[in-house]
Amino acid sequence: MASHSLDRAKQAVRTHVWDALTAADAVHDASVHGRIPHFKGAEEAADRLAALPAWQRASVVKAVPDKAQLPVRARALEEGKTVYMAVPKPASLKPFYLLDPTALTVPPAEAAASRTSAAIAPTVEVDALRPLDLIILGSVAVNRDGARIGKGAGYSDIEFALLTEAGLVTPETVVVTTVHSLQVTETPIPTTPHDVGVDLIVTPEETITCADFHRPSGVDWSALTAEKIAAIPALTARQVS
């Protein structure tokens with residue numbers, strides 16, 4: 001599928017899910033279009049995730065900064081897990097906040113909020129991270145094969161590729177997304193080699209194990225424009241080295 005056709009197909013899936021969430025009054029956002037949905041039931045999804053062996057084994061978690069995953073980040077800190085949270089639009093050589101549960105100056109639920117993290121947490125470069133036990137992604141849509149679509153910026157995929165090249169994502173690293181049940185689509189999701197799939201989908205009502213998830217082995221430089229590379233210093237540094 002040509003790039004523009006694939007982009008149109010992905011956007012059609014996003015629009016379908018955003019419309020379904022809006023019609024069901026399933027989100028907290030005034031308008032969900034263009035966003036990772038802040039879905040109702042995110043706390044219940046976090047509770048369901050916290051009961052899983054993959055969560056209980058994890059001591060180092062990397063998470064997105066989206067509001068839907070705030071309960072997951074807070075739960076991780078409350079349970080003493082180290083959390084790395086992506087800096088929004090990672091325009092820094094140090095594109096992750098380090099949330100160390102032993103060094104918090106505010107309660108975990110407050111520290112896990114993206115604005116608070118920006119104020120209290122040090123930023124670290126890719127090579128300073130510890131190997132990741134669990135990666136939490138936000139999604140617009142996912143299917144039971146493990147294919148996922150974000151809002152289209154591509155940052156999660158790039159971060160994953162950088163972390164993989166740095167040896168921080170291993171075959172044992174579990175990739176999870178928490179979503180509303182309406183975000184689990186039966187529609188085929190078109191994917192490219194640099195798209196990150198998920199091992200587990202957790203909704204408020206269900207845990208789905210994905211048998212056919214895909215992981216890129218590193219940065220697909222051919223898929224990145226010069227402008228995209230220039231906008232992400234961690235990519236520029238990796239390319240130069």
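Between D195 and T192, the side chains place a donor N or O and an acceptor N or O closer than 3.5 Å (distance only, hydrogens not considered).
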**salt bridge (Lys or Arg N to Asp or Glu O under 4.0 Å) evaluation trace for R75 with D47** = CA-CA 8 Å; R75 185 73 174 251; D47 290 344; 2.7 Å; yes
**Asked** Between R8 and Q11, does a side chain to side chain donor-acceptor pair (under 3.5 Å) hold up when you go through it step by step?
**Response** CA-CA 5 Å; R8 280 202 304 270; Q11 191 60 23; over 6 Å; no
**Prompt:** Taking it one step at a time, do V17 and L182 satisfy side-chain contact (heavy atoms from CB on, under 4.5 Å)?
**Reply:** CA-CA 7 Å; V17 168; L182 290 173; 5.8 Å; no
**Asked** Can I189 and R148 be said to form a side-chain contact (heavy atoms from CB on, under 4.5 Å), step by step?
**Response** CA-CA 7 Å; I189 292 179; R148 73 170 278 281; 5.8 Å; no
**Message:** Go through it in stages, so that I can follow the logic: the residues are T187 and N143, the test is side-chain contact (heavy atoms from CB on, under 4.5 Å), and I'd like the CA-CA distance, side-chain angles, deciding distance and then a yes or no.
**Reply:** CA-CA 7 Å; T187 304; N143 66 24; over 6 Å; no
**Request:** Might you work through the side-chain contact (heavy atoms from CB on, under 4.5 Å) test for L137 and F160, ending with a clear yes or no?
**Result:** CA-CA 10 Å; L137 297 179; F160 189 97; 5.7 Å; no
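Residue pairs meeting the ring pair (Phe, Tyr, Trp, His ring centres under 6.0 Å) criterion with at least one member in residues 36-82, sequence neighbours excluded: H28-H38. For residues 54-64, the pairs satisfying salt bridge (charged side-chain N to carboxylate O under 4.0 Å, His left out) are K62-E159, with sequence neighbours left out.
Listed by chain and number, the residues in a side-chain hydrogen bond (donor to acceptor under 3.5 Å, both in side chains) with D199 are R215 (sequence neighbours excluded). Considering only residues two or more places apart in sequence or on other chains, D100 meets the side chain to side chain contact (heavy atoms under 4.5 Å, CB included) condition with T102, A103. In this structure H33 satisfies the ring-ring contact (aromatic ring centres under 6.0 Å, His included) test together with W18, sequence neighbours excluded.
In this structure, K10 places its NZ atom where more than 12 heavy-atom neighbours from other residues, nucleotides or ligands lie under 6.0 Å away.
The shortest non-hydrogen separation linking A42 to A68 is CB-O, 3.4 Å. Nearest heavy-atom pair, L168 versus T173, reported as atom, atom and distance to 0.1 Å: O-OG1, 4.0 Å. Scanning both residues, P190 and A9, for their nearest heavy atoms gives CG-CB, 3.7 Å. Of all heavy-atom pairs between K40 and V27, the closest is CE-O, 3.4 Å. For the pair R48 and P204, the tightest heavy-atom approach, listed with the atom from each and the gap, is NE-O, 3.4 Å. In terms of heavy-atom proximity, A112 sits nearest to A74 at CB-N, 3.5 Å.
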Let me have the donor-acceptor pairs involving side chains of residues 114-121, under 3.5 Å, with sequence neighbours excluded, atom names and distances please.
| unit_1 | atom_1 | unit_2 | atom_2 | d |
| --- | --- | --- | --- | --- |
| T116 | OG1 | E110 | O | 3.2 |
| S117 | OG | A111 | O | 2.6 |
| S117 | OG | A113 | O | 3.1 |

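Note that OG1 of T207 is 4.5 Å distant from CG of L52, once rounded to the nearest 0.5 Å. The line from CG of L49 to CG of L134 is 6.5 Å long, rounded to the nearest 0.5 Å.
Looking at P131 and V60, their side chains never come closer than 4.5 Å, going by heavy atoms from C-beta outward. Here the side chains of I36 and V64 are not in contact, with every heavy-atom distance at 4.5 Å or above. No side-chain heavy atom of V61 sits under 4.5 Å from any side-chain heavy atom of D133.
Both I208 and I135 are assigned to one and the same hydrophobic cluster, defined by single-linkage of ILVMFWY side chains at heavy-atom distances under 4.5 Å. Note on V72: it clusters hydrophobically with L200, by side-chain heavy-atom contacts below 4.5 Å among ILVMFWY residues.
Although no hydrogens or angles enter the test, the distance criterion places no donor-acceptor pair under 3.5 Å between the side chain of Q69 and the main chain of A63.
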